[in-house]
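To keep things clear, I will list the structure first and then write my remarks on it.
Scope of the values below: all heavy atoms of this structure, side chains included, with no hydrogens, waters or symmetry mates. Proteins come first, then strands; the chains are lettered A, B, ... in the order of their sequence lines, and each starts at number 1.
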Protein chains: 2
Amino acid sequence: MPTLEPTTLRASLKQNRRKLTRARQAVLDILATADRHLTPAEIYRRAKATHPHLGLTTVYRTLDLLAELGYIQRVHTSDGCHSYAPSAHTHGHQLICAVCGRTEEFSDCDLAKLIQTLQRKTGFEINVHMLELVGRCPSCQTKRGARRK
Amino acid sequence: MPTLEPTTLRASLKQNRRKLTRARQAVLDILATADRHLTPAEIYRRAKATHPHLGLTTVYRTLDLLAELGYIQRVHTSDGCHSYAPSAHTHGHQLICAVCGRTEEFSDCDLAKLIQTLQRKTGFEINVHMLELVGRCPSCQTKRGARRK
DNA sequence: GTACTTGCAAATTATTTGCACACAC
DNA sequence: GTGTGTGCAAATAATTTGCAAGTAC
């Protein structure tokens, strides 16, 4: 996964006249090594371990920035859209475990045909799509078959 | 669109030992006749016209309820997930205009194959999916080709 | 009549802003 | 050195809760 390569990130930042700072590195590190989606507050708490001076404000600002650059992705669950997951910095979608929050990214969504049909039918010009799949990851399936809700 | 049939709604509510009240009717009416997605605050403002006593709290509660029953649907845009659009009370997805917010619902998303492949590859058991397409509606395409951002 | 609902005020939570100081390049 | 970032405190916005009174059935 190219997510973590500091070189790539630094380059992206430079393009926008932005800098690679400790705070940004810390936030991205947390997400990149997390196997589930996290809220700003959770990221803040975790990142403070390696960067005690970190402010929550900075986390918010950093999340916006990283999302804009495509290094992380907002995850939309039924209880809100304020969690973030790492992203491979390309067109990607998330497969989310409803039980533990674990995410997997995938990119071959193959919606071309659907999009074409809908464009013809509705006259819309479609240029962005968001797709998320939700279910239970292998390990949450076995854990006493616990079904959420 | 079955959205508006008060009989259907009343029945759904009854099933859950809920009542069909003026407030709920007012909120649903606003959404059903809106051609774009609206935030709780917008819905509140509009619904007050026909139901001046309405409280914002009730709008929040009603939106939750109607969403749960499938009569409306949360819309997730890049700037948040706090808007709602009418829904045909079946499995459905939204096609959203990024310029004016207009929404169209569609249901034939045909993701079965993709889901099957991913289940095999990842071991996840997938049971929910959310799909949204974003673009420009016909009328926003002609309006001085204004492209958002 | 009863249980579910409402609207208000207040509390809570989430997010943004302004600004002096600090740091990456 | 310069311009971008940061962290703090404070402001704002969004959402939720408790509760007495109201209303659908």
> So, does B:Arg36 use its side chain to make a donor-acceptor pair with the main chain of B:Cys100 at under 3.5 Å?
Replying inline: yes

>> Suppose the criterion is salt bridge (Lys or Arg N to Asp or Glu O under 4.0 Å): which pairs have a residue in residues 44-62 of chain A, not counting sequence neighbours?
In response: none

> Do the side chains of A:Leu118 and A:Leu131 join up, straight or via other hydrophobic residues, at under 4.5 Å, putting them in one cluster?
Replying inline: yes

> Rounded to whole angstroms, how far apart are CZ on A:Arg17 and C1' on D:dT2?
Replying inline: 12 Å

> D:dC25 C1' sits how many Å from B:Gln15 CD, rounded?
Replying inline: 17 Å

>> Protein within reach of the bases, or only the backbone? For nucleotides 16-25 of chain C, mark each nucleotide 5' to 3' as B, S or -, using heavy atoms under 4.0 Å.
In response: BBB-----BS

> Of the options A:Glu132, A:Glu104, A:His129, which is the one that meets A:His93 in a side-chain hydrogen bond (donor to acceptor under 3.5 Å, both in side chains)?
Replying inline: A:His129

> Which parts of residues 40-54 of chain A get close to DNA chain C, meaning a heavy atom less than 4.0 angstrom away?
Replying inline: none

> Once you round it to whole Å, what is the distance between P of C:dC4 and CG of B:Leu69?
Replying inline: 15 Å

> If we only count heavy atoms from C-beta on, is the B:Thr103 to B:Cys97 side-chain gap below 4.5 Å?
Replying inline: no

> Would a distance-only check, ignoring hydrogens and angles, find a side-chain to backbone donor-acceptor pair under 3.5 Å from A:Gln119 to A:Ile126?
Replying inline: yes

> Reckon A:Arg24 has a side-chain N or O less than 4.0 Å from the OP1 or OP2 of D:dG5?
Replying inline: yes

>> Using whole Å, what does the distance between atom C1' of nucleotide D:dG5 and atom CG of A:Leu9 come to?
In response: 14 Å

>> Tell me the closest heavy-atom pair linking B:Ala47 and B:Leu54, and the distance in Å.
In response: CB-CD2, 3.5 Å

> When you measure from the side chain of A:Glu105 to the backbone N and O of A:Ala88, does any donor-acceptor pair fall under 3.5 Å?
Replying inline: yes

